[in-house]
Number of protein chains: 2
Amino acid sequence: MARAAGVSQATVSYVLNDNPNARVSEQTRERVREAAARLGYVPDASARTLRTGRSGLVLVPLAPARTGRLFQDFLDRFGDELGRHGFTLVQYGERHLKGVPAAKSWAALRPAAVLVDVTRLTKAAVDLLTSSGTRVVIGLADKPSPLVPVVVLDHEAVGACAARHLLGGGRSRLGAVVPREEGIDLMGEARLRGVRQVAPGAERIDLAFSEEEAARVAARADLPEGIFAYNDEYAMLLISALQDAGVRVPDDVAVVGADDLPIATLMRPRLTSVHFDPTATPGELAALLEEIVRGEREAGPGAVVDLYRPRIVVRDSA
Amino acid sequence: MARAAGVSQATVSYVLNDNPNARVSEQTRERVREAAARLGYVPDASARTLRTGRSGLVLVPLAPARTGRLFQDFLDRFGDELGRHGFTLVQYGERHLKGVPAAKSWAALRPAAVLVDVTRLTKAAVDLLTSSGTRVVIGLADKPSPLVPVVVLDHEAVGACAARHLLGGGRSRLGAVVPREEGIDLMGEARLRGVRQVAPGAERIDLAFSEEEAARVAARADLPEGIFAYNDEYAMLLISALQDAGVRVPDDVAVVGADDLPIATLMRPRLTSVHFDPTATPGELAALLEEIVRGEREAGPGAVVDLYRPRIVVRDSA
DNA sequence: ACCAAGCGGTTATACGTATAAACGGAGGCG
DNA sequence: CGCCTCCGTTTATACGTATAACCGCTTGGT
């Protein structure tokens, strides 16, 4: 490439990076650019990383449970924002690894930051990452962590939001569905805790996603007056079972879902649901991250960015 | 690292990579391993890439429309399979770029393979990639491409599958919903073409995802006897509107969805749906990819791997 | 007339890795 | 005793980039 342009390799680098404290004549610049275009030159990211010591990568090793539609939306926007700050968001496999082995596979890429489910982190893993040049490790969790700053998906707030609406509608005996499903059960627990913050006596309703299970719940004589069904899919399952059992919704039992899916308006009665708005956070998070990487800001364990902002959308089911 | 172990840097490399044609005594090996563990040594991926010329990365720059749940499942499995073959799957942002600019941003990572929506590729882009060391460019498309081998999501087969079932059920005047929604409209067109392969006179029903639109369709006097509703969500929208309009499903109009969502069984009538089985393909695709990268196999334009294997699941709506 | 300063470049080096080639020592064979 | 072979290890080099240091030339100031 340097040969093709008839200049030294250093000059090429100066021109292509628009290095401000390098002095290169305009005609040489043109020669270099022309040669670059002619050869289809593409800089080598690994060589650049090796030289500079920083990769500009922001790693997001996803746990399976996170790959919901809402989180995917968040990631898309987050990636755009990061690009604007000169970072590159990378979703990186390795879903099975945890702790130090996981940290090693991430550290190999020398990422600027890692955004990962806090349950996959250990003290040793975080130390390994930071000692290998990663400036920021951010956890995804439902509450602050003693290990790292976290982005919270505040499931308790979701539950509390639903419960407040149910109480406000005059229902006093509440229940909350906890899905019996690998990966989302923990979120279910957190949402239940949120419900109980507002309605201490709220009943826990364990439920797997099957019509038989739902029918069994619906057949109970002592149903709560208001149920937060974890999300819209479980709400639809439950309402369907209640109707089959002759229970009127919302007259006998009010039901609240979450996620505010488009199909939530198709149910009869139309589903009342907790809506999330993750559109604002990606920009804030990207900016925060850049400040930390630049060293302009310190973010330690305990720091928190709230990711979802729950808000009730009232329709007919509650 | 080499100093810490008291040996040369070359020896370290030999030991840590278990290089078979290097001769190192067992006690030296042990010293190196011990030092590596003590220092928390993590190899530098960029240096390795720079040296070897191959990164082992398989890039999947996603177009927004692809990020459905089914495709995510596919990617998860595909990533696992690739890991088994020594590759690393990376979902890489840059959703807005196309053609040569996109190819440049991908080529910077010197990936072994790129799996990308064929609509984002051009001849020049493919050339740029292959000339920069990428061995395989695989497109995602709904039909074979003159540019690259493709993984087809055979939407025509989906439509044909639904139409055959409807015809077999005695419905002769068919219709197919084409969603008016950015990103999935093209798939809708393809599925319509599939329906028409089996039922040439099938009517095209354009539909946005709103209850008003659906109600307008449902109010028509000359409804087809059988409708393929593009997917389950549109099917639920449509059925809901039909019922509100007093049209009986399936007696007056039969409706088939696609995706076989869990909630599809909650509708009354239970939804008949086209089911996809993407579980087998990731392994095959990963193996194929490895053979090509190794040079044991040639795969040119026109080659095709079928990703989804449509199959009708009969319930009550059709 | 001579030195300092500015300009437009080149040379040299380092990053961490993989691997070919060289090397010293021990042992076997003629 | 000299030579070849095998073993265990070190030396040297290259990958592509960024940047500090250097160098020759012109120009302006005194």
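Each chain gets a letter, A, B and so on, in the order the sequences are listed, and its residues count up from 1. In what follows, every heavy atom counts, from backbone to side chain, and hydrogens, waters and symmetry copies are set aside.
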Are more than 12 heavy atoms from other residues, nucleotides or ligands located less than 6.0 Å from atom CZ of A:R3?
no
Base, sugar-phosphate, or nothing: which does A:V7 touch, judged by heavy atoms less than 4.0 Å apart?
sugar-phosphate
Whole-Å distance between [N] [atom2] and [X] [atom1]?
| X | N | atom1 | atom2 | value |
| --- | --- | --- | --- | --- |
| B:R48 | C:dT17 | CZ | P | 8 Å |
| B:D44 | C:dA14 | CG | C1' | 13 Å |
| B:N21 | C:dA21 | CG | C1' | 13 Å |
| B:R110 | C:dT17 | CZ | C1' | 17 Å |

Please name all residues satisfying side-chain hydrogen bond (donor to acceptor under 3.5 Å, both in side chains) with B:D154, sequence neighbours left out, ordered by chain then number.
none
Residues in residues 13-20 of chain B with a heavy atom under 4.0 Å of DNA chain C, by number, are B:S13, B:Y14, B:N17, B:N19
Sorted by number, the residues of residues 23-33 of chain A with heavy-atom contact under 4.0 Å to DNA chain C
A:R23, A:V24, A:S25, A:T28
Is any side-chain N of the basic residue among [X] and [Y] closer than 4.0 Å to the acidic one's carboxylate O?
| X | Y | value |
| --- | --- | --- |
| A:R77 | A:E284 | no |
| A:D44 | A:R48 | no |
| A:E81 | A:R84 | yes |
| B:E30 | B:R33 | yes |
| A:R31 | A:E34 | no |

Side chain of [X] - closest among [options]:
| X | options | answer |
| --- | --- | --- |
| B:L50 | C:dT17, D:dC15, C:dT10 | D:dC15 |
| B:Q9 | C:dT17, D:dG16, D:dT11 | C:dT17 |
| A:A10 | C:dT11, D:dT17, D:dT9 | C:dT11 |

So do B:L75 and B:Q91 actually touch side chain to side chain, heavy atoms under 4.5 Å?
yes
Measuring only between side-chain heavy atoms, which start at C-beta, is A:L115 closer than 4.5 Å to A:L59?
no
Can a side chain N or O of B:T11 be found less than 4.0 Å away from OP1 or OP2 on D:dT10?
yes
